[in-house]
J.: 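Here it is: the structure, laid out below.
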Amino acid sequence: MNDVTNTGGLVIEGLSVDYDGTRAVEELNLHVPDGATLAIVGPSGCGKSTVLRTIAGLIGASEGRVVLGGRDLTGVPASKRNIGLVPQHYALFPHLSVRGNIEYGLKARGVPAAQRRSRVDELLEFTELGALERRKPAQLSGGQRQRVALARAMAINPDVLLLDEPLAALDPQLRGGMRRQMLTLLDATTSVNVIVTHDRQEALAMADLVAVMRAGRLVQIGAPRELWARPADAFVADFLCDAALIDAVLTPEGVQALEGRWRIPSSTFDDVTPPAGDQPARLLLRPTALALSHGQPDPPAGSIEAHVRQAEFVGESTLAQLDLAGRTISAQTPVPVAAGDVVHVTIAQRRGVVLGEKEA
Ligand SMILES: Nc1ncnc2c1ncn2[C@@H]1O[C@H](COP(=O)(O)OP(=O)(O)OP(=O)(O)O)[C@@H](O)[C@H]1O
């Protein structure tokens, strides 16, 4: 393996973490450049918080190492790592004012009073909390508490800022606005930012890099648009894009899927060059890529019959769960279908994506 200690930013190398002999994180490798924001996403229990706690030094690695700004953190206690942590429910000190909370880490490090004051003033202005500096956490709204927690973590100019589900404690109506505000704050930092989140929208919107984990392992890491366009497997497609990824064969005539029961002409796709011979491929089907018709005497060209298992009216459209030759696939459609309907499904022009075979 290349020596990454001089790369800068955050480097996680061959990291495995165990709890009482049970492996929670397995062989994790990643690099986040200075100033970049990484979002770690994945289902409950996949190891996201364990990675965060290991970077913070709250738990030790069983194997591998965490290197920050060229400094190997193995064996360095949490208090000696230059890390800012925003815990899930913010964990503000209830007896301290907004100013007291933000000042806390600076005091603990013995920063002289005048310097403390000016740094806290700077952060109060930056997070627009100046008018509230004397209030206690109980006298703040959820969004204001979140900004205090962020300012407190940023006060020490950390090398890495760790945010555990930063928006989860807020009302859904507040999240959009706070996400945009946080994005502005994080863009202004020079630290590496690591966000752990369940919310894929949050990850796609806020991060420069998204790491998708499953069962303790990294499944894919890349820029949000890269993952969106080319999910590595069906799990990432489902988790991050709400899409299905099914095996297909690219033939001289078009694309065949579902054991040859669905034959789609190449002209449906923008970027498919028919090969001379059959080639394995995968078909990425986002809910909006599928066009549904029913009640027509002849099935449209390139269609497959499907059964509507479930249909939810979601405002402008209906979200239908379709059974396509035994596969459950979501479709978002303006056609008012209902459970039990038999429909014909085609891929809307230019909306389907054919990916190459999965790289090993
Ligand atoms: N203190 C602990 N002792 C034993 N096992 C633990 C401990 N903390 C976490 N685990 C286990 O390690 C695995 C990873 O947990 P972790 O909290 O990192 O997951 P997560 O992805 O953050 O989940 P969530 O999204 O639900 O917070 C899980 O199987 C969990 O049960």
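All values below come from the heavy atoms of this structure, side chains included, with hydrogens, waters and symmetry mates left out. Values in this document were obtained by computation on a predicted structure and should not be read as measured data. When a ligand or atom number is given, it counts from 1 through the structure's own listing order. Residues take their numbers from the sequence shown, with the count starting at 1.
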J.: Just grab all the salt bridge (charged side-chain N to carboxylate O under 4.0 Å, His left out) pairs involving residues 97-108, residues at least two apart or on different chains.
T.: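 Every salt bridge (charged side-chain N to carboxylate O under 4.0 Å, His left out) pair that includes a residue of residues 97-108, provided the two are not neighbours, is Arg99-Asp121, Arg99-Glu133, Glu103-Arg116.
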J.: Side-chain donor-acceptor pair under 3.5 Å between Thr328 and Gln321, yes or no?
T.: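 Per modelled atom types, Thr328 and Gln321 side chains form no pair under 3.5 Å.
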J.: Which residues, ordered by chain and number, are linked to Leu96 in its hydrophobic cluster, where ILVMFWY side chains connect at heavy-atom gaps below 4.5 Å, directly or through other members?
T.: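 Phe93, Tyr104, which link up through side-chain heavy atoms under 4.5 Å apart, make up the rest of the cluster.
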J.: Side chains of Arg145 and Asn101: is there a donor and an acceptor less than 3.5 Å apart?
T.: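 Side chains of Arg145 and Asn101: no pair found under 3.5 Å.
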J.: Do any N or O atoms from the side chain of Asp18 and from the backbone of Asp20 form a donor-acceptor pair under 3.5 angstrom?
T.: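 It does not hold such a pair.
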J.: Please name all residues satisfying ring pair (Phe, Tyr, Trp, His ring centres under 6.0 Å) with Phe269, sequence neighbours left out, ordered by chain then number.
T.: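 Applying ring pair (Phe, Tyr, Trp, His ring centres under 6.0 Å) to Phe269 gives none.
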J.: Tell me the residues surrounding ligand 1, counting only those with a heavy atom closer than 4.0 angstrom, sorted by chain and number.
T.: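 These residues qualify: Tyr19, Ala24, Pro43, Ser44, Gly45, Cys46, Gly47, Lys48, Ser49, Thr50, Arg53, His198.
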